[in-house]
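The structure under discussion appears below in the form of structure tokens.
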Amino acid sequence: MKNAWAVSRETRKLSELVHSLREQGRFTLVLGGDHSIAIGSLTGVARATRQTHNGRGVSVVWVDAHADINTPSTSLSGYLHGMPLAFASGLAEGVAPFDWIRADHWIDLSRLVYIALRDVDEEERKTVASHGIKVFDMEDIARLGIQKVMELVLQHIGDASAIHLSFDIDSLDPKYAPCTGFPVEGGLSLSDSCYIGRCLHKSGRLVAMDLVEINPLLESDGLQQTLGSAQLIVSHALGFNEE
Ligand SMILES: NC(=[NH2+])NCCC[C@H](N)C(=O)O
Ligand SMILES: [Mn+2]
């Protein structure tokens with residue numbers, strides 16, 4: 001695992017912060033930084049939601065080119081941003097220095113839905129299949145259209161739970177968001193991305209959002225464009241662009 005101690009320390013602090021905001025009924029927007037930051041936001045939201053929703057966990061909509069569900073033993077890269085869902089769900093349990101993550105921090109994988117996947121490791125594929133995690137990949141979006149996909153997403157998670165949206169900017173096609181570490185061709189259009197945000201906002205149950213994987217240090221010409229795309233998606237998810 002790369003930078004494990006620093007990531008563990010910071011995500012633990014973030015988890016506490018997000019937990020207390022959520023307990024006060026406040027919305028949390030977490031801007032990254034790489035996707036390992038979601039270890040903090042997911043565990044904080046999950047713990048607070050468990051306390052406030054009669055034991056019902058939070059549902060997670062994960063919009064990403066990647067599945068980010070490697071454990072430290074399945075990861076080929078050692079990068080923690082490929083592992084946040086394993087830590088936040090208990091698949092990687094009791095692994096130091098992340099052993100502060102306990103069962104009451106865990107999200108429920110049956111309430112996780114992926115959108116826009118297109119670069120998934122072999123071991124991740126097995127995990128997704130064996131846990132029956134719902135996936136809408138780019139082919140599904142092309143075939144069904146984003147409106148139908150979102151209908152099915154909301155149907156899958158049911159109407160009883162709070163929703164956490166974890167949005168990786170690499171879910172977008174690189175032509176809309178080039179400034180990211182692991183771009184993958186054939187991604188979401190900007191308008192479909194905004195629709196995802198708008199639709200979850202309209203559900204009235206969105207309680208937290210991460211917008212991650214913008215890397216300004218890559219200094220490509222596309223930074224302003226990447227930031228512009230991110231800003232637009234956030235504003236739709238927060239309800240500033242309602243029709
Ligand atoms: N959040 C991301 N950009 N994740 C990329 C992960 C890539 C690869 N699956 C890994 O485990 O290293
Ligand atoms: Mn990611």
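Both ligands and their constituent atoms are indexed starting at 1 by order of listing. All residue numbers in this chain count up from 1 along the given sequence.
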Checklist entry - Can Glu16 and Arg47 be counted as an ion pair, charged N to O under 4.0 angstrom? => result yes
Next on the checklist: Treating Ser89 as the side-chain partner and Leu109 as the backbone partner, does any N or O pair qualify as donor plus acceptor under 3.5 Å?
Outcome noted: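 Flag not set: sc Ser89 to bb Leu109 has no pair under 3.5 Å.
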Checklist entry - Could you walk me through whether His236 and Tyr195 pass the ring pair (Phe, Tyr, Trp, His ring centres under 6.0 Å) check? => result CA-CA 7 Å; His236 279 268; Tyr195 182 79; 9.4 Å; no
Next on the checklist: Is the ring pair Phe182/His81 parallel, tilted or perpendicular, if the boundaries are 30 and 60 degrees?
Outcome noted: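 Aromatic pair Phe182/His81 classed perpendicular.
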Next on the checklist: Between Asp210 and His164, do the side chains contain a donor N or O and an acceptor N or O under 3.5 Å apart?
Outcome noted: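 Yes, a side-chain donor-acceptor pair sits under 3.5 Å.
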Could you check whether any side-chain heavy atom of [X] comes within less than 4.5 Å of a side-chain heavy atom of [Y], counting everything from C-beta outward?
{"X": "Val30", "Y": "Leu211", "value": "no"}
{"X": "Leu112", "Y": "Leu85", "value": "yes"}
{"X": "His35", "Y": "Ser166", "value": "yes"}

Next on the checklist: Strictly under 4.0 angstrom, heavy-atom based: which residues surround ligand 1?
Outcome noted: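 Residues His35, His66, Asp68, Asn70, Ser77, His81, Gly82, Asp121, Glu124, Asp168, Asp170, Glu213 each place a heavy atom under 4.0 Å from ligand 1, listed by chain and number.
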Checklist entry - Going by chain and residue number, what protein N/O/S atoms come nearer than 2.8 Å to the Mn ion (ligand 2)? => result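 You should have found His35 ND1, Asp64 OD2, Asp68 OD2, Asp168 OD2.
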Checklist entry - Aromatic ring centroids of His105 and Trp100 under 6.0 Å? => result yes
